[in-house]
Q: 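Here's a structure for you.
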Amino acid sequence: MPKQEDKMEKVVNLCKRRGFIFPGSEIYGGLANTWDFGPLGTELKRNIKNEWWKRFVHQRKDMVGLDAAIIMNPKVWEASGHVAAFNDPLVECKKCHGRFRADHIIEEELGEKTEGKSLEEIDGIIKASEFKCPNCGAVELGEARQFNLLFKTFIGPTEGSKSTAYLRGETAQGIFVNYKNILDTMRPKMPFGIAQIGKAFRNEITPGNFIFRTLEFEQMEIEYFVKPNEWEDNFNIWLQAMKDWLESLGVSPDNYHVREHGAEELSHYSKKTVDIEYNYPFGGFKELWGLAYRTDFDLKNHMDKSGKDMRYFDQQAGEKYLPHVIEPTFGVERTVLTLLLEAYTEEEVKSAKGENEIRTVLKLDKKIAPFEVAVLPLSKKEDLSSVATKIFQDLIQDFRAEYDETQSIGKRYRRQDEIGTPFCVTVDFESLEDKAVTIRDRDTMKQERVSVEDLKNVLKKALN
Ligand code: GAP
């Protein structure tokens, strides 16, 4: 296996080379902290989102889905506290005008956590420590000030405070503002949850570490509404559900842990938060997903500011109350990155000539691999490719399949290993006679001869 620090570079290279992820706007020199998902990355991401939706929406009777607008009335972001409190401390270099997260500079230079420190305290440390600018090296960092992460935009032809709108900083608010619509139309019984997958936007100024921190990213979020005195049990149940899903995707318990936020570190809406942190090759354990107890903070503020009654009427108890909220939140890009890192494997194998060589394999879980099976005719000759095409046409009715007839069979196996395809089906000249094909297993590289008639059943069994 490659060393941790090399692994990141290797995964980034593989992503580019094999069409998973490209730098954003690359032909114009890129744009910091933006990335585009290529054909295979798109499939991987879609499979992850589908798995999440299946597990947390379709397979539960206490959950419904939602797809709210990205641009909302700016009053939403005032009521939610994001306009006032969704801030990071920032410093600017007076010489090169580079801007940096003040807390990150302190953490990196002094190894000191800054959560809970006031802006004045952070500024005091910056001034006293005479840090060099991370960009130009000058000791001329200015005063630390708050920097709001919401992206601003303007609606209509004029720019100004009257037309200001925000790109949503979290998908959660779309859920809170529709909570009453869902109560009225779906008549859910407490406890119940609303799930949403969609883009969120943050004006991040720190280095992104590939797709770990980007300006726009997708969130898979659940707001789970509970009776106020039942929040703790539900919190623990959700934590277990998150861990179970992570492990079902193939992440080893050795590579992640759960960390609770200190009181000073909590977001403005949270009374208790735990992060599921993964051991990334850049700087160790960092947040992959989060689980927050948001109390009735959001519903209460929206009720106050909109004047709409958000209370739930509990028929059995004959009482009205504002439910409390447990929020499991999952970043899609961080999930993609984590699963790629976890799956990336290098193995020493013997080549056809008997020499030692390195085989790179993405041991992605079969549920989320871009393709489940690849159909590879041994040659491009018409009699073989017509049989292989027929097999492929049949397989795509039930499987995520790819057809590839370019390059040597060795190179094609290598490519399928690198993109994580669990099974390759090879159609050779014998297939024309015996109506059978060879199935090759990605992980064991074992090959098995299977009749074309049985192929679908064999694959179905192997993929489950
Ligand atoms: N609604 C709660 C919320 O937004 P958060 O911890 O700020 O909480 C949730 O974000 C998740 O979104 C994180 O756990 C992470 O997976 C992902 N995330 C946050 N900021 C991100 C960024 N700049 N780039 C990529 N993913 C990000």
Side-chain angles (χ1 to χ4, degrees), residues 21 24 31-35 37 41 45 48-49 52 66 68 70 72 76-77 80-82 85-88 101 104 115 147-151 166-177 179 193-224 238-239 242-243 245-246 249 251 256-261 265-278 280 282 285-295 297-299 325-341:
I21 301 167
L31 176 69
N33 301 339
T34 67
W35 297 87
F37 280 75
K45 196 153 96 139
I48 291 170
K49 291 190 282 184
W52 185 89
L66 180 75
I70 285 174
M72 294 190 266
V76 171
W77 300 105
S80 70
H82 283 78
F86 196 43
N87 297 322
D88 282 336
R101 284 274 292 269
H104 287 183
E115 275 96 19
F147 175 75
N148 193 273
L149 289 177
L150 288 177
F151 265 109
Y166 303 98
L167 302 187
R168 66 182 176 202
E170 58 169 3
T171 55
Q173 293 306 322
I175 297 182
F176 292 123
V177 300
Y179 158 83
I194 305 174
Q196 177 167 227
I197 300 179
K199 287 251 175 173
F201 303 82
R202 293 183 191 176
N203 203 351
E204 301 278 5
I205 49 167
T206 27
N209 284 316
F210 193 34
I211 54 169
F212 179 80
R213 185 175 282 107
T214 49
L215 299 182
E216 61 178 279
F217 53 97
E218 280 185 276
Q219 293 184 318
M220 306 182 280
E221 292 204 301
I222 294 166
E223 306 305 321
Y224 198 73
W238 273 108
L239 180 57
M242 293 172 90
K243 293 201 279 189
W245 191 51
L246 191 58
L249 295 173
V251 174
Y256 79 89
H257 68 204
V258 174
R259 186 182 70 81
E260 183 165 353
H261 284 204
E265 194 186 345
L266 292 169
S267 306
H268 62 277
Y269 50 71
S270 173
K271 271 245 170 80
K272 175 176 172 138
T273 294
V274 296
D275 286 342
I276 292 192
E277 296 190 328
Y278 183 75
Y280 291 100
F282 44 92
F285 285 96
K286 290 187 192 306
E287 175 182 357
L288 162 62
W289 301 334
L291 175 65
Y293 169 41
R294 290 181 82 128
T295 68
F297 178 89
D298 301 272
L299 290 183
V325 172
I326 307 298
E327 181 196 61
T329 177
F330 310 69
V332 176
E333 284 74 3
R334 282 192 198 173
T335 310
V336 170
L337 176 59
T338 303
L339 297 180
L340 286 170
L341 287 164

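Note that ligands are numbered from 1 as they come in the structure, with each ligand's atoms numbered from 1 the same way.
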Q: Return yes or no for this condition: an N or O of L288 is under 3.5 Å from an N or O of ligand 1.
A: yes
Q: Check the orientation of F330 and W52. Use parallel for under 30°, tilted for 30 to 60°, and perpendicular for over 60°.
A: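 Rings of F330 and W52: perpendicular, as their planes differ by over 60°.
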Q: So between W35, F217, F86, whose heavy atom ends up nearest atom 22 (C) of ligand 1?
A: F217
Q: Under 4.0 Å from a heavy atom of W289: give me the atoms of ligand 1 that qualify, with their elements.
A: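 Near W289, meaning under 4.0 Å from one of its heavy atoms, ligand 1 has 14 (O).
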Q: Could you tell me whether E333 approaches ligand 1 through its side chain, its backbone, both or neither, with non-hydrogen atoms closer than 4.0 Å?
A: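 The answer is neither; E333 stays 4.0 Å or more away.
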Q: Is T34 close to E216 at the side-chain level, that is, under 4.5 Å between some pair of heavy atoms?
A: no
Q: Among protein heavy atoms, which lies nearest atom 13 (C) of ligand 1, and at what distance?
A: E287 OE2, 3.2 Å
Q: Which atoms of ligand 1 sit under 4.0 Å from any heavy atom of E327?
A: 1 (N), 2 (C)
Q: Just let me know how R294 lines up against ligand 1, side chain, backbone, both or neither, with a heavy-atom cut-off below 4.0 Å.
A: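 For R294, only side-chain atoms sit under 4.0 Å from ligand 1.
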Q: Among all protein heavy atoms, pick out the one at the shortest distance from atom 17 (C) of ligand 1; state its residue, atom name and that distance to 0.1 Å.
A: G331 CA, 3.8 Å
Q: Is a side-chain donor or acceptor of N148 paired with a backbone partner of L150 at a separation under 3.5 angstrom?
A: yes
Q: Considering heavy atoms of the protein only, find what lies nearest to atom 8 (O) of ligand 1 and give residue, atom and distance to 0.1 Å.
A: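 Atom 8 (O) of ligand 1 sits closest to the protein heavy atom Y269 OH, 3.8 Å.
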Q: Among protein heavy atoms, which sits nearest to atom 25 (C) of ligand 1, and what does the distance come to when rounded to 0.1 Å?
A: F212 O, 3.2 Å
Q: Is the closest N or O pair between E221 and ligand 1 shorter than 3.5 Å?
A: yes
Q: Considering only non-hydrogen protein atoms, determine which one is nearest to atom 24 (N) of ligand 1 and report residue, atom name and distance to 0.1 Å.
A: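 Heavy-atom neighbour on the protein nearest atom 24 (N) of ligand 1: T214 N, 2.9 Å.
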Q: Please write down residue, atom name and distance for the protein heavy atom closest to atom 4 (O) of ligand 1.
A: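 Atom 4 (O) of ligand 1 sits closest to the protein heavy atom R202 NH2, 2.8 Å.
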Q: Please check: side-chain N/O of Q219 versus main-chain N/O of T171, any donor-acceptor pairing under 3.5 Å?
A: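 Checking the backbone N and O of T171 against the side chain of Q219, a donor-acceptor pair under 3.5 Å is found.
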Q: Are any non-hydrogen side-chain atoms of L337 and Y278 less than 4.5 angstrom apart?
A: no
Q: Side chains of V336 and F210: closer than 4.5 Å at any heavy-atom pair?
A: no
Q: Among protein heavy atoms, which lies nearest atom 9 (C) of ligand 1, and at what distance?
A: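 That would be T329 OG1, 3.2 Å.
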Q: Taking the side chain as every heavy atom from C-beta outward, state whether E287 and R259 have any atom pair closer than 4.5 Å.
A: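 Heavy-atom side-chain distance check fails, nothing below 4.5 Å.
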Q: Of all the non-hydrogen atoms in the protein, which one sits nearest to atom 12 (O) of ligand 1, and at what distance?
A: Q219 NE2, 3.5 Å
Q: Apply ring pair (Phe, Tyr, Trp, His ring centres under 6.0 Å) to H268 and list each qualifying residue two or more places apart in sequence or on a separate chain.
A: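 Testing H268 for ring pair (Phe, Tyr, Trp, His ring centres under 6.0 Å), a comparison that skips the adjacent residues, returns H82, F297.
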Q: As an exercise, identify every atom of ligand 1 less than 4.0 angstrom from a heavy atom of G290.
A: 14 (O)
Q: Among residues at least two apart in sequence or on other chains, which ones pass ring pair (Phe, Tyr, Trp, His ring centres under 6.0 Å) with Y179?
A: F225
Q: Only heavy atoms count here, so choose which of E204, E170, R334 is nearest to atom 15 (C) of ligand 1.
A: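 The option holding the nearest heavy atom is R334.
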Q: So F86 and R202, do their side chains get closer than 4.5 Å, heavy atoms only?
A: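 R202 reaches F86 side chain to side chain.
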Q: Does R213 offer a backbone N or O that forms a donor-acceptor pair with the side chain of E333 under 3.5 Å?
A: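 Side chain of E333 to backbone of R213, a donor-acceptor pair under 3.5 Å: no, none is there.
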